[in-house]
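So that the names make sense, note that chain A is the first sequence line, chain B the second, and so on, each numbered from 1. Worth knowing before you read on, the calculation uses all heavy atoms, side chains too, and leaves out hydrogens, waters and symmetry mates.
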Number of protein chains: 2
Amino acid sequence: MSDSDATAPGDTIGERHESTGGLELGEYVPYLLNRAGAKIAAAFTEVVRDYGLTLPMWRVMAVLRDDGPSRMRHISERTTIEVSTLSRVVDGLEKRSLVVRRRETSDARSVRVALTQTGIDVTDRIIPIAKRYESTALSDLSDAETEQLKSLLRRVYQSMASLD
Amino acid sequence: MSDSDATAPGDTIGERHESTGGLELGEYVPYLLNRAGAKIAAAFTEVVRDYGLTLPMWRVMAVLRDDGPSRMRHISERTTIEVSTLSRVVDGLEKRSLVVRRRETSDARSVRVALTQTGIDVTDRIIPIAKRYESTALSDLSDAETEQLKSLLRRVYQSMASLD
DNA sequence: ATACAATAATTGCAAATACAAATAAATCCT
DNA sequence: AGGATTTATTTGTATTTGCAATTATTGTAT
């Protein structure tokens with residue numbers, strides 16, 4: 001399939017830089033990745049807003065539901081939210097009684113964040129919607145292609161993660 | 001790697017639900033997408049900082065290099081940067097003499113943003129670095145797999161874009 | 001044990017961001 | 001043509017973010 005790029009070749013104004021210079025964004029993986037991710041994020045931001053949540057809040061909750069009570073550092077790594085930012089996101093969740101912070105007994109520097117029952121309930125109410133959105137995103141892909149995509153994304157992540 | 005997995009099973013608040021409940025983040029495409037994108041973005045943020053640029057600034061410049069002089073609306077769509085935010089990003093680029101704003105002659109509501117010669121030069125100096133980072137991200141993938149990934153990402157984007 | 005570096009989380013603060021309102025110009029309608 | 005409507009962009013403002021500094025605790029070396 002030829003690329004369905006929105007770039008009209010016969011643009012009237014301004015010179016184009018077709019063959020020379022450019023990055024060819026339509027072929028540039030970081031661009032394609034960001035674009036796809038941003039679209040899904042934008043859509044889901046609206047969903048969680050109906051539950052009084054921001055997207056970062058939801059991401060934290062999803063991680064806690066999946067991994068169980070966790071330390072800030074762990075949540076930060078899994079959500080890609082900076083710890084300092086995360087600290088305030090958790091403030092918000094705590095204020096809404098969706099999570100509790102508790103000092104770790106084994107290491108008093110650490111904090112253990114856990115969903116409350118309300119937090120679990122809210123998360124479980126949103127999860128089916130999240131899955132529906134995922135289905136929408138993948139609606140044009142066969143099951144095999146979906147698995148292929150997941151695998152490729154994991155490998156790209158690994159390659160980048162090996163840098164730090 | 002090797003996560004601190006400090007999940008104590010006998011916890012009172014927020015039990016773990018292995019097979020049930022959770023979203024299985026490791027299988028959840030929006031998560032994988034965001035994670036891979038965030039890693040690349042983080043890495044490249046450091047690169048462009050050496051050029052006195054933020055990542056959004058760089059994205060705008062890359063679009064302008066690729067598409068030629070463009071309107072705000074167009075740049076906003078291509079970069080997924082909100083127009084109001086974009087307006088201030090362009091302010092910054094203009095202050096650095098990397099772009100110029102000019103009123104469109106055909107439609108005086110619109111603004112045409114164009115790279116200056118300096119802007120072109122800076123962009124062209126960063127592009128090879130961008131390509132190197134892309135190569136790193138894709139270092140584990142064959143050429144065929146890379147093409148596959150691009151195609152899948154385009155199709156995911158299309159499916160989401162068809163919602164609005 | 002005692003000082004010294006490393007780790008976990010929070011907080012201060014400046015910069016970046018998003019939403020809504022304002023401004024300005026083109027298009028539509030009758 | 002003239003008033004209402006839509007479109008393109010900018011600005012006001014409250015919120016969010018990220019970096020650096022701070023606090024508290026643990027690990028380590030002597």
**Message:** Taking atom CG as the centre, does B:Asp50 end up with more than 12 heavy-atom neighbours from other residues, nucleotides or ligands that are less than 6.0 angstrom away?
**Reply:** yes
**Asked** Side chain of B:Val111: nearest nucleotide among D:dT10, C:dA9, D:dA8?
**Response** D:dT10
Rounded to the nearest angstrom, tell me the gap between atom [atom1] in [X] and atom [atom2] in [N].
| X | N | atom1 | atom2 | result |
| --- | --- | --- | --- | --- |
| A:Arg103 | D:dT26 | CZ | P | 10 Å |
| A:Leu55 | D:dT16 | CG | P | 13 Å |
| A:Ile75 | C:dA9 | CD1 | P | 8 Å |
| B:Leu93 | D:dT10 | CG | P | 13 Å |
| A:Arg71 | C:dT10 | CZ | C1' | 16 Å |
| B:His74 | D:dA8 | NE2 | P | 13 Å |
| B:Asp91 | D:dT10 | CG | P | 7 Å |
| B:Glu94 | D:dT9 | CD | C1' | 13 Å |

**Request:** Under 4.0 Å from any atom of DNA chain C, heavy atoms only: list the residues of residues 37-52 of chain B that qualify, in numerical order.
**Result:** none
**Item:** Residues in contact with DNA chain C, drawn from residues 82-89 of chain B - heavy-atom cutoff 4.0 Å
**Value:** B:Glu82, B:Ser84, B:Thr85, B:Arg88
Residues 31-42 of chain B side chain polar contacts: donor-acceptor under 3.5 Å, at least two apart:
{"unit_1": "B:Tyr31", "atom_1": "OH", "unit_2": "A:Arg78", "atom_2": "O", "d": "3.2"}
{"unit_1": "B:Asn34", "atom_1": "OD1", "unit_2": "A:Arg59", "atom_2": "NH2", "d": "3.3"}
{"unit_1": "B:Lys39", "atom_1": "NZ", "unit_2": "A:Asp164", "atom_2": "OD2", "d": "3.4"}

**Asked** Is B:Arg155 paired with A:Glu145 through a side-chain N to carboxylate O contact shorter than 4.0 Å?
**Response** yes
**Prompt:** If you measure from the Lys or Arg side-chain nitrogens to the Asp or Glu carboxylate oxygens, is any gap between A:Glu27 and B:Arg154 under 4.0 Å?
**Reply:** yes
**Complete:** Of A:Ala108 and A:Thr80, the one whose nearest nucleotide on DNA chain D sits closer to the 5' end is A:Thr80
**Whichever of A:Met57 and A:Arg109 has its nearest DNA chain D nucleotide further upstream toward 5'** = A:Met57
Compile the donor-acceptor pairs under 3.5 Å between side chains in residues 124-131 of chain B and protein atoms, sequence neighbours left out, one pair per line.
{"unit_1": "B:Asp124", "atom_1": "OD1", "unit_2": "B:Arg65", "atom_2": "NE", "d": "2.7"}
{"unit_1": "B:Asp124", "atom_1": "OD2", "unit_2": "B:Arg65", "atom_2": "NH2", "d": "3.0"}

**Request:** Could I get the full list of ring-ring contact (aromatic ring centres under 6.0 Å, His included) partners for A:Phe44, not counting sequence neighbours?
**Result:** A:Trp58, A:Tyr133
**Request:** Using a 4.5 Å cut-off on heavy atoms from C-beta on, say whether the side chain of A:Met72 contacts that of A:Val90.
**Result:** yes
**Item:** Shortest non-hydrogen separation from A:Arg112 to A:Pro69 and the atoms involved
**Value:** NH1-CB, 3.2 Å
**Complete:** Contacts satisfying ring pair (Phe, Tyr, Trp, His ring centres under 6.0 Å) that involve residues 90-114 of chain B (not counting sequence neighbours) are none
